[in-house]
Amino acid sequence: MVAAGARPFHRSKVPARAKVLATAGVSLATGALSGADPATGQKSEEIVPFVYHAPQKALDDLKQRLTQTRWPEHETTNDWSEGVPLEKLRALVEYWRTDYDWRRCEEALNRFPQFRTKIDGLNIHFIHVRSKHPNALPIILTHGWPSTILLFREVIGPLTDPTAYGGKGEDAFDVVVPSLPGFGFSEKSTERGWNAQRTARAWAVLMQRLGYKRYVAQGGDWGAFVATALAQQHPPGLVAIHLNFPQVVPDRIPEKLTPDQQRAVEILNHFRNEGSGYLVMQSTRPQTIGYALMDSPAGQAAWIYDIFNAGTGDHGNPEEALSRDQMLDEITLYWLTGTAASSARFYFEQRALLGRTNNAGRVDLPVGVSRFPNDLPAPRSWASDMYPNLFYWNELNRGGHFVSLEKPELFTEELRKCFRKVRQSDHPDTIPEKE
C-alpha cells in the first residue's frame, strides 16, 4: 500500500556510482559494527565509503520477537487518547512480521553514495550526492526524531537532478544528508554534550571537509534546531537556512494576543499537556526508556507509530499520509541499529542546553520558512523578532511534520522557490510583511 503523495524509491535516478561503493562497505546491526569498522586505522579527516547490510540473523531474531509479543489489554477509549489503539498496533506488527521486507529498503538505501568520517571524536554517517548540473547549490538536510536519513529519500533525486523530475537545471542542489549523532549509522557518543550546537559545529566541519565554500542548510524537528544553531554560529560558507519547523513563540507570552498567536499558544499548551509524554520521558530518562525499546520491537513500533499519527494530523489513521512500509522502514532502522536510547539522549542534551524555553533563539542569517498545516503552528507575526532577515515565508494547505516523506514534490518545490534568491545573492531581500 502506498499513501497518497508518497512514491517508491526511484532507483534509476540515483547515481550508479553508489553501486561501486558496495565493495568497500560494512555491516551494522543491533547497534554494533559487524565486521570491519571503517574507523579502524582511519585518518582524522578521511572520508570512508559506507554500505549497510543487516545480518540475516538480526532479521530472523526480529521476526521471532514479533511472534512472541506480549500484548496488553484493550484501551478503555475508542480513540488515540491513551496512546496507540491495540488493534491498530496489532495490524502494524502483523504486517511487519509477515509481509514487510527490509531488504527492499536496504537495497534502495545503498543506491545512494554513503560515507562515514570522524568529527569531534565520532564517526558521522552521511549521504552525499553531487548534481550533474553546473553551479548546483550545496545543501545539508538534517532529520529529527523519530526520523532518520530515510526522511529525505524521496527528495534527493528531484533536488540533485531536477530536469529528470520536470524541473529546471538552475534549481539543482548538491545534497548532503547526515545521520544525527546516535541515530542510524552515526556513532553513539559515550560522553555528554552532543546537542544541537555541537552537532551544528560538526556539520560545519563536514561541509568544509567536502570542499564546499558556499552552502545552505535545512531542517525540521531537531533538524530545525541544528540548522538554527548552525546559522547562529555563522560558519564560513553558510549563507542561509530553511526551516519547516520554525520556533517563533516568545519565551514571555504577551498578555494581548492576536487570533493566530492565541491559537498557537493554545495548541502548544495542548501538546505539552496531552501529547508530550514521549518528550518528557526522553528528556529526563533516556536510558530507562531505552531498555524497553531495545528489548521489544513491538514497543519500539508503538513508540514511533504514535508520533507518526500525531505528526500527520492526529487523525487516527497515519496510513492516509504514509504507507506502512515508509513507517516500518524508519522503525526497523531504529531497531537494527539499536539506537533507541542514543537517539532519545538528544532530548536529554537539548533540555540541558535550552531548559524550558519556547524557541531556539534569534537568527541573524537569512532565513526561509515553509509552514505546513499538520504541524505545530508558528505565527508569522512573531517570526520577524526571531528572524530579522526572513526572506521567504509560505504557508501551505497540505503536509505535516514529515512533509519530505509525505509530500516530496511539495517539499522539493518549497526548497527550490526559497533558495532561488540565495543563488543570486548572499543577502536576499526580506519578504514583505504579510497583514
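Heavy-atom basis, side chains included; hydrogens, waters and symmetry copies ignored. One is the number of the first residue; the rest follow in order along the sequence.
- The local environment of CZ in Arg420 is crowded, with over 12 non-hydrogen atoms from other residues, nucleotides or ligands closer than 6.0 Å.
- For residues 240-265, the pairs satisfying ring-ring contact (aromatic ring centres under 6.0 Å, His included) are Phe245-His401, with sequence neighbours left out.
- The ring-ring contact (aromatic ring centres under 6.0 Å, His included) test applied to Trp80 returns Tyr305, not counting sequence neighbours.
- Using a 4.5 Å heavy-atom threshold, the side chains of Thr199 and Pro181 count as touching.
- Using the six-membered ring where Trp is involved, His125 and Phe185 have ring planes that are perpendicular, over 60° apart on the 30 and 60° scheme.
- Remark: Glu266 does not engage Arg263 in a salt bridge, criterion side-chain N to carboxylate O under 4.0 Å.
- Aromatic ring centres of Trp222 and Phe346 lie closer together than 6.0 Å.
- In this structure, a donor-acceptor pair under 3.5 Å is present between the side chains of Asn317 and Lys88.
- Using bins of under 30°, 30° to 60° and over 60° for the plane-to-plane angle, the ring pair Phe391/Phe419 lands in the tilted bin.
- Taking the side chain as every heavy atom from C-beta outward, Ile307 and Phe402 approach each other to under 4.5 Å.
- Considering only heavy atoms from C-beta on, Glu107 stays 4.5 Å or farther from Arg103 through its side chain.
- Checked by atom type, the side-chain pair Tyr165/Glu409 shows no donor-acceptor distance below 3.5 Å.
- In the model, Gln218 has a side-chain atom that pairs as donor or acceptor with a side-chain atom of Asn244 under 3.5 Å.
- Two residues are said to be in side-chain contact when any heavy atoms from C-beta on lie closer than 4.5 Å; Phe183 and Thr148 fail this criterion.
- Because its NZ or CZ atom is not both nearer than 6.0 Å to the ring centre of Trp393 and within 45° of the ring axis, Arg371 does not count as a cation-pi partner of that residue.
- For Trp145 and Tyr347, the ring centers are positioned less than 6.0 Å apart.
- Using a 4.5 Å cut-off on side-chain heavy atoms (C-beta onward), Val367 and Asn389 make no contact.
- A donor-acceptor contact closer than 3.5 angstrom is absent between the side chains of Ser323 and Asp325.
- Residue pairs meeting the side chain to side chain donor-acceptor pair (under 3.5 Å) criterion with at least one member in residues 269-280, sequence neighbours excluded, are Arg272-Asn358.
- Using a 4.5 Å heavy-atom threshold, the side chains of Ile253 and Val265 count as touching.
- Remark: the Gln326 side chain and the Glu330 side chain contain no N/O donor-acceptor pair separated by less than 3.5 Å.
- The only member of Ile127, Asp161, Ile149 that meets side-chain contact (heavy atoms from CB on, under 4.5 Å) when paired with Ile156 is Ile127.
- No side-chain heavy atom of Val176 sits less than 4.5 Å from a side-chain heavy atom of Tyr215.
- By the 4.5 Å heavy-atom criterion applied to side chains, Ile140 and Phe126 are not counted as neighbours.
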